[in-house]
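Please read the structure below before turning to the comments.
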Amino acid sequence: VSVYNALIDGFCREKRLQEVFRMLDEMAQRGIDPNAITYSTIINCLSDVGLVELVMAVWGKMFIKGCTPNMYTFSAMMKGFFLKERVSEGVGIWHRMIEEGHVPNVVAYNVLLGGLCRGGNTQKSMDMLDEMEKREIVPNVTTYSVIIDGFAKSGDLVGASQAWNRMVMSGCRPNVVVYTCMVDVLCRNLLFDQAHALIQKMADDKCAPNVITFNTLIRGLCEHGRVDFAVSILDMMENYGCSPDTITYNELANGYVVVGRWEEAFQVLGEMKEREIQMNAVTYNTLLHGCYRMNLLKEALQLVGEMVVRGISPDAFTYNCIIHAYCKLGKVNAAIELAEGGSACGDWKADVFAHTHIILGICDNFGVGDAVSYLQKMIEGGIFPN
RNA sequence: CCUAGCAACAAUCUUACG
């Protein structure tokens with residue numbers, strides 16, 4: 001079993017699901033019973049890729065085979081529901097775990113708190129710290145980072161600060177992740193100078209900022225039109241011995257797009273090539289979006305061509321951006337053709353975003369009546385309107 | 001009794017409408 005578990009774990013890390021299930025079959029053929037580790041590994045993997053239905057199928061099969069879930073299994077299950085925002089089902093797993101007499105550990109709590117935060121209940125997750133104390137489970141730095149990130153995502157600086165204080169009071173030392181969450185919440189409150197200062201402070205705290213910390217600040221600045229300030233952060237990074245990565249440059253390109261400075265956005269692409277920073281689909285999608293905003297159709301087509309030549313596959317963002325452009329130009333039929341002719345588009349299938357663009361396009365060009373029938377067709381096609 | 005051995009948690013980029 002351990003050998004198979006190790007193999008399954010390897011395939012899981014590479015997201016090679018067919019092989020994972022092939023291993024399971026092979027085990028059955030050889031009469032080797034999967035154990036809780038096997039199921040936990042698989043459920044965790046499926047949860048990570050968002051296949052909740054499959055998760056539930058494996059979970060059910062585990063019971064049929066007479067295998068009992070342990071803490072790892074329950075945590076992996078919860079994570080699967082939470083990542084899909086199915087909070088009540090995740091909490092249901094939690095209660096079942098308790099009922100079956102398991103005493104949750106820190107990791108299980110961290111998963112639960114993360115789920116509550118995702119569901120918009122960050123305050124509740126903060127209150128759970130009391131419950132943890134009662135059960136004599138000591139929150140760790142991950143616990144606090146989950147909560148602080150929850151507050152950060154809703155822009156709640158007061159909440160984040162309270163969680164931070166509680167962390168410090170409990171004697172838990174912040175690490176780079178927690179600091180980065182604080183940088184994030186400061187940025188969301190437009191307190192860029194404080195975010196900048198915090199990065200300097202963390203170094204004194206024997207906690208070196210990393211590329212994610214800087215990217216967080218750069219993203220905040222770019223999002224709010226402060227792209228020049230963002231560019232200056234590159235120097236700061238250098239001082240801290242931190243090299244910009246693909247995401248850094250993608251953010252800067254987007255920063256220029258946001259303020260309509262498309263030439264400089266393209267210069268970012270040039271710089272990436274010069275410095276041999278790997279471009280990815282996001283890089284091209286960002287510029288593509290910029291092109292359409294600025295009505296640069298020739299450049300847009302060139303970009304798609306360059307993308308393909310470099311072996312970067314267009315993804316849903318790419319297709320949706322093209323569909324959006326077609327609709328804006330009144331070429332709704334071309335958009336529909338692209339959405340329906342998924343054959344030439346690899347794995348891609350039109351999603352809610354694509355259909356929404358088309359519906360808006362139909363409204364503008366053919367009237368609401370046709371849009372309603374299109375919506376009807378979309379629903380019949382299994383895509384639910386949001 | 002000792003030792004070894006497989007699994008679970010956190011932060012950063014791009015698309016519609018608002």
Side-chain angles (χ1 to χ4, degrees), chain A residues 1-10 12-13 35-45 47-48 69-80 82 105-115 117 140-150 152-153 175-185 187 210-220 222-223 245-255 257-258 280-290 292-293 315-325 327-328 351-361 385-386:
Chain A
V1 194
S2 306
V3 173
Y4 273 106
N5 286 349
L7 288 173
I8 289 174
D9 183 44
C12 282
R13 285 181 201 285
N35 61 17
I37 295 181
T38 321
Y39 287 112
S40 303
T41 307
I42 295 173
I43 288 173
N44 186 50
C45 172
S47 290
D48 280 339
N70 62 20
M71 197 84 75
Y72 285 77
T73 330
F74 282 111
S75 298
M77 277 303 286
M78 286 195 288
K79 190 171 69 164
F82 289 147
N105 61 11
V106 204
V107 174
Y109 264 104
N110 290 348
V111 175
L112 174 70
L113 298 197
C117 290
N140 59 20
V141 68
T142 301
T143 317
Y144 291 105
S145 73
V146 168
I147 296 170
I148 292 173
D149 181 55
K153 290 277 153 43
N175 64 9
V176 61
V177 175
V178 181
Y179 270 110
T180 300
C181 293
M182 288 305 292
V183 169
D184 187 24
V185 72
C187 286
N210 62 19
V211 63
I212 300 184
T213 315
F214 289 108
N215 286 349
T216 302
L217 174 57
I218 289 173
R219 185 215 59 203
C222 287
E223 243 172 30
D245 63 5
T246 303
I247 294 184
T248 317
Y249 284 103
N250 287 349
E251 290 177 342
L252 291 173
N254 189 49
V257 167
V258 163
N280 61 16
V282 176
T283 316
Y284 284 98
N285 293 343
T286 303
L287 292 171
L288 199 55
H289 179 224
Y292 287 127
R293 280 182 44 148
D315 62 10
F317 281 77
T318 321
Y319 288 112
N320 290 343
C321 190
I322 295 170
I323 285 177
H324 184 200
C327 291
K328 257 184 22 189
D351 60 11
V352 199
F353 282 84
H355 289 300
T356 305
H357 288 129
I358 291 171
I359 287 169
L360 289 166
N386 63 14

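In what follows, chains are A, B, ... by sequence order, proteins preceding strands, each numbered from 1.
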Please evaluate the base of B/rA11 for a donor-acceptor partner in the side chain of A/Asn215 within a cut-off of under 3.5 Å?
no
Result for side chain to side chain contact (heavy atoms under 4.5 Å, CB included) between A/Asn215 and one of A/Thr248, A/Val183, A/Leu252 points to A/Thr248
When rounded to whole Å, the CZ to P distance for the pair A/Arg293 and B/rU14 reads 13 Å
With a 4.0 Å cut-off on heavy atoms, is A/Val111 in touch with a base, just the backbone sugar-phosphate, or nothing at all?
sugar-phosphate
Testing A/Asn280, A/Thr286, A/Asn285 one by one against A/Asn250 for a side chain to side chain donor-acceptor pair (under 3.5 Å), which residue passes?
A/Asn280
Would you compute the distance between atom CG of A/Asn254 and atom OG1 of A/Thr283 and round it to the nearest 0.5 angstrom?
11.0 Å
Output yes when at least one side-chain N/O atom of A/Arg219 is less than 4.0 Å from OP1 or OP2 of B/rU12, else no.
no
Tell me whether the OP1 or OP2 atom of B/rA10 has a side-chain N or O from A/Lys153 closer than 4.0 Å.
no
Is there any protein nitrogen or oxygen under 3.5 Å from a nitrogen or oxygen in nucleotides 15-18 of chain B, and what are the pairs?
unit_1: B/rU15; atom_1: O2; unit_2: A/Asn320; atom_2: ND2; d: 2.9
unit_1: B/rA16; atom_1: O4'; unit_2: A/His357; atom_2: NE2; d: 2.6

Look at the side chain of A/Asn175 against the base of B/rA10 and say whether a donor-acceptor pair falls under 3.5 Å; ignore hydrogens and angles.
yes
If we count only N and O atoms by modelled type, under 3.5 Å, do the side chains of A/Thr41 and A/Asn44 hold a donor and an acceptor together?
no
Decide yes or no, distance alone: a donor-acceptor N/O pair under 3.5 angstrom between the base of B/rA11 and the side-chain of A/Asn210.
yes
Spatial distance of atom CZ (A/Phe353) from atom NE2 (A/His357) [nearest 0.5 Å]:
8.0 Å
Per A/Lys79 side chain, nearest of listed nucleotides B/rA7, B/rA8, B/rA11:
B/rA8
Looking at B/rA7, B/rC13, B/rC9, which one has an atom nearest to any side-chain atom of A/Ile37?
B/rA7
Heavy atoms only, 4.0 Å cut-off, all strands: where does A/Thr180 land among base, sugar-phosphate and nothing?
base
Ignoring hydrogens and geometry beyond distance, is the side chain of A/Thr41 in donor-acceptor contact with the base of B/rA7 at under 3.5 Å?
no
Picking from B/rA7, B/rC13, B/rC9, the nucleotide nearest the side-chain atoms of A/Asp9 would be B/rA7
What verdict does the side chain to side chain donor-acceptor pair (under 3.5 Å) test give for A/Thr143 and A/Asn140, after you've listed the backbone C-alpha separation in whole Å, the side-chain angles of each residue and the deciding distance to 0.1 Å?
CA-CA 5 Å; A/Thr143 317; A/Asn140 59 20; 2.9 Å; yes
Does the side chain of A/Asn70 come under 3.5 Å of the side chain of A/Thr73 through a donor N or O and an acceptor N or O?
yes
Would you mind classifying the nucleic acid contact of A/Thr216 as base, sugar-phosphate or nothing, using non-hydrogen atoms under 4.0 angstrom?
sugar-phosphate
Given B/rC9, B/rA7, B/rA11, which nucleotide is nearest the side-chain atoms of A/Cys181?
B/rA11
Round to a whole Å and report the spacing from CG of A/Asn105 to C1' of B/rA7.
13 Å
Looking across every strand, which nucleic acid part, if any, lies under 4.0 Å from A/Asp315 by heavy atom: base, sugar-phosphate, or nothing?
nothing
